[in-house]
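Scroll down for the structure; my scribbles are underneath it.
The structure displayed is predicted, hence computed values, not measured ones. By convention in this document, chain letters (A, B, ...) are assigned in the order of the sequence lines, proteins followed by strands, and residues within each chain are numbered from 1. Worth knowing before you read on, the calculation uses all heavy atoms, side chains too, and leaves out hydrogens, waters and symmetry mates.
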There are 2 protein chains.
Amino acid sequence: MRTAPENVRRVACVGAGVIGGGWVAHFLARGYDVTAWDPAPDAEQKLRRLVDAAWPALTQLGLAEGASADRLTVVATLEEAVVDAEFVQESAPEKLELKRDLLTRLDAAAPAGVVIASSTSGYPMTDMQTTAADPSRLVVGHPFNPPYLIPLVEVVGGERTAEDAVTWASRFYEVAGKSVITMNREVPGFIANRLQEALWREALHMVANGEATVKEIDDSITEGPGLRWAFMGPMLTFALAGGEGGMAHMLDHFGPSLKSPWTRLEAPELDKALYDAVVEGCDEAADGRTIADLVAERDRGVIDVLRATGRLPRQEDPR
Amino acid sequence: MRTAPENVRRVACVGAGVIGGGWVAHFLARGYDVTAWDPAPDAEQKLRRLVDAAWPALTQLGLAEGASADRLTVVATLEEAVVDAEFVQESAPEKLELKRDLLTRLDAAAPAGVVIASSTSGYPMTDMQTTAADPSRLVVGHPFNPPYLIPLVEVVGGERTAEDAVTWASRFYEVAGKSVITMNREVPGFIANRLQEALWREALHMVANGEATVKEIDDSITEGPGLRWAFMGPMLTFALAGGEGGMAHMLDHFGPSLKSPWTRLEAPELDKALYDAVVEGCDEAADGRTIADLVAERDRGVIDVLRATGRLPRQEDPR
């Protein structure tokens with residue numbers, strides 16, 4: 001029996017570390033009753049500390065009616081955690097065998113039909129659902145840290161997941177205040193983690209080779225592209241590097257630098273199909289906004305972000 | 001004769017497209033007299049349009065005393081542009097031969113000693129300075145789009161650049177209100193472009209393979225990691241994924257996923273030297289702030305950014 005996404009009241013969080021605990025804080029703030037279980041001996045103490053630390057921020061953001069940290073129950077067994085759950089979020093350590101076993105146990109213990117989502121950072125559900133009695137209700141619901149503040153959840157099923165479980169999960173997360181990308185195919189690392197992993201790997205190479213320090217890497221993002229990425233993604237941002245010609249001009253101009261050894265990641269061939277897909281994708285994403293509109297939007301966004309984070313450009317007169 | 005960085009009044013911008021024009025707007029807003037030259041027939045019209053479009057934002061940010069768009073002079077030749085310049089910023093199209101020739105001509109025309117910086121997105125100065133009579137004053141000063149709002153400039157010299165030219169340029173950019181990373185060795189793509197290029201290449205692979213649309217790629221960043229990167233870089237951000245154990249715990253936990261096929265970029269070996277460099281680098285970057293301090297800072301930052309960009313989580317009660 002699956003509760004409608006809008007009517008869910010009881011959520012179980014299994015695994016209560018940084019990510020699981022962040023989910024607990026999020027669901028509590030959105031007004032759910034949350035039951036949590038984690039096998040670590042000091043898990044409850046750490047979890048309550050995490051929730052307490054997040055609560056002022058969540059209060060400032062606005063709690064749902066009736067939301068309270070008192071509506072968290074920490075239980076001693078996995079079975080107790082999920083016995084009357086209407087949704088289950090699994091956030092165990094990132095080990096395939098462990099997640100496979102845990103999902104199998106959760107499936108055995110949770111009420112029939114209840115959707116069980118895994119916070120995995122990158123394992124395909126197809127690889128995790130192999131031993132569950134009912135794999136059809138197992139989905140990936142991949143959050144970002146901290147789940148109580150970063151809106152994104154990537155939702156995707158495995159080969160044996162039923163489509164209605166994916167649809168239900170996506171809708172539930174939306175009701176619970178998240179921003180959802182529903183993927184229709186499995187890609188290791190999903191979308192955002194592949195992108196940040198590419199950046200992370202290049203950063204590690206730079207540290208390993210003495211090309212940049214940890215601080216320089218961080219500063220190069222927060223003082224540079226990171227300011228734009230808070231509100232305009234890398235594709236539209238790059239489209240604006242093409243001036244009034246947009247992404248097509250950008251690709252004409254910078255396409256050749258894909259051949260440059262600028263990262264350790266080999267670039268794809270920029271053939272006509274890819275060129276067109278990128279240019280047309282940007283047009284669709286722009287959704288009627290002109291380049292001038294986007295430039296104005298970007299400028300407002302950067303100023304808002306600089307102001308909000310106390311980093312307006314220094315104002316001293318240069319003379 | 002090199003003017004002290006604090007006393008510079010006259011800046012020449014050579015190449016006045018998106019980046020060159022952005023530099024013009026920045027220097028005008030900081031109160032400099034700017035002379036610009038660009039060989040395109042409609043360059044002046046486009047440049048003035050760009051400056052006019054940027055001016056409201058720059059006014060809102062606060063102009064330097066006496067700053068005015070009227071202090072822009074567009075001239076007909078490269079030689080006129082630089083004849084009495086105290087600093088030259090070159091922002092020509094990204095073609096090595098063209099930049100090499102242009103820097104040679106700029107060096108011939110600019111007053112002796114004046115520092116000439118190239119906005120190149122990735123060419124090492126060593127490759128661009130080969131034909132200049134005085135290569136010692138040629139540096140890279142790589143900005144981000146738009147240069148009038150994104151603070152970062154990466155400064156680095158070539159093999160034949162004098163160290164005092166690099167020092168001068170870094171100081172000058174600081175005086176002119178930029179945030180400077182001075183690199184002591186040449187790496188193709190510098191720092192931030194390597195990082196965003198890795199992300200961009202992976203994004204292009206995903207589009208090419210039909211794994212994600214342009215819009216999904218952009219949304220996955222702006223609703224996810226991009227919110228954090230506006231004020232906390234990827235290294236410290238990842239350190240917080242390690243919970244109270246910080247970066248060391250994060251590497252212990254997620255280190256093995258470096259072996260996963262999460263991107264097309266092969267990861268470096270996470271040996272002890274790299275492990276230590278990353279953990280110690282994070283400690284240095286944290287500069288005395290505890291993990292709890294950083295978590296609180298991140299949470300405040302995300303809330304500020306969400307609020308500033310009008311994207312607080314939806315507030316509806318889930319029931």
Side-chain angles (χ1 to χ4, degrees), chain A residues 18 30 57 62 64-65 144-145 149 151-152 177 179 187-189 191-192 194-199 201-202 204-205 207-208 211-212 214-215 218 220-226 229-231 233 235 241 243 261-263 265 267-268 274 277 281 285 299 302 304-305 308-309 313-315 317-318, chain B residues 18 30 57 62 64-65 144-145 149 151-152 177 179 187-189 191-192 194-199 201-202 204-205 207-208 211-212 214-215 218 220-226 229-231 233 235 241 243 261-263 265 267-268 274 277 281 285 299 302 304-305 308-309 313-315 317-318:
Chain A
V18 173
R30 305 313 316 138
E65 203 183 319
F144 291 77
N145 193 34
L149 289 181
L152 185 62
S179 178
V187 188
I191 301 175
R194 291 188 78 88
L195 300 175
Q196 68 172 347
E197 183 81 10
L199 189 153
R201 289 179 186 199
E202 184 61 28
L204 289 178
H205 277 293
V207 172
E211 294 165 348
V214 166
K215 185 168 187 315
D218 274 358
S220 82
I221 295 297
T222 57
E223 298 294 302
W229 288 337
F231 59 89
M235 308 299 285
W262 279 11
T263 81
L265 172 61
L274 178 53
D299 285 5
V302 173
D304 288 344
V305 167
T309 53
R314 288 179 287 282
Q315 298 295 329
D317 186 319
Chain B
V18 173
R30 305 314 315 137
E65 203 183 320
F144 290 77
N145 193 33
L149 289 181
L152 185 62
S179 178
V187 188
I191 301 175
R194 292 187 78 89
L195 300 174
Q196 68 172 347
E197 183 81 10
L199 189 154
R201 289 179 185 199
E202 184 60 28
L204 289 178
H205 277 293
V207 172
E211 294 165 349
V214 166
K215 184 169 187 316
D218 274 358
S220 80
I221 295 297
T222 58
E223 299 295 302
W229 289 336
F231 58 90
M235 309 299 285
W262 280 11
T263 81
L265 173 61
L274 178 54
D299 285 7
V302 173
D304 288 343
V305 167
T309 54
R314 289 179 286 284
Q315 298 296 330
D317 187 319

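Comparing A/A308, A/P268, A/A285 by how many heavy-atom pairs each has under 4.5 Å with chain B, the most go to A/P268. Interface summary for chain A: among B/A192, B/P225, B/G189, B/S220, the most heavy-atom pairs under 4.5 angstrom belong to B/S220. The greatest number of non-hydrogen atom pairs below 4.5 Å with chain B, out of A/L204, A/T263, A/L152, is found for A/T263. For the set A/A277, A/G281, A/A198, the entry with the most heavy-atom pairs within less than 4.5 Å of chain B is A/A198. Of all the listed residues (B/P261, B/A57, B/G243), the one sharing the greatest number of non-hydrogen pairs under 4.5 Å with chain A is B/P261. Note on A/I191, A/V187, A/D304, A/T309: by heavy-atom pairs under 4.5 Å with chain B, the leading option is A/I191. Between chain B and the options A/R201, A/M235, A/K215, A/E211, heavy-atom pairs under 4.5 Å are most frequent for A/R201.
Contact of the B/F231 side chain with the B/V302 side chain is registered, since non-hydrogen atoms from C-beta on lie closer than 4.5 Å. Side-chain contact between B/L199 and A/W229: present, with at least one pair of heavy atoms (C-beta onward) separated by less than 4.5 Å. Counting only heavy atoms from C-beta outward, the side chains of A/L265 and A/E202 never approach each other to under 4.5 Å.
Between the side chain of A/R194 and the backbone N or O of A/P188 there is at least one donor-acceptor pair closer than 3.5 Å.
The CG atom of B/D218 lies 11.0 Å from the CD atom of B/E223; values are rounded to the nearest 0.5 Å.
For the pair B/R30 and B/G62, the tightest heavy-atom approach, listed with the atom from each and the gap, is NH1-O, 3.5 Å.
When heavy atoms are compared at a cutoff of 4.5 Å, B/V18 approaches chain A solely by way of its side chain, counted from C-beta outward.
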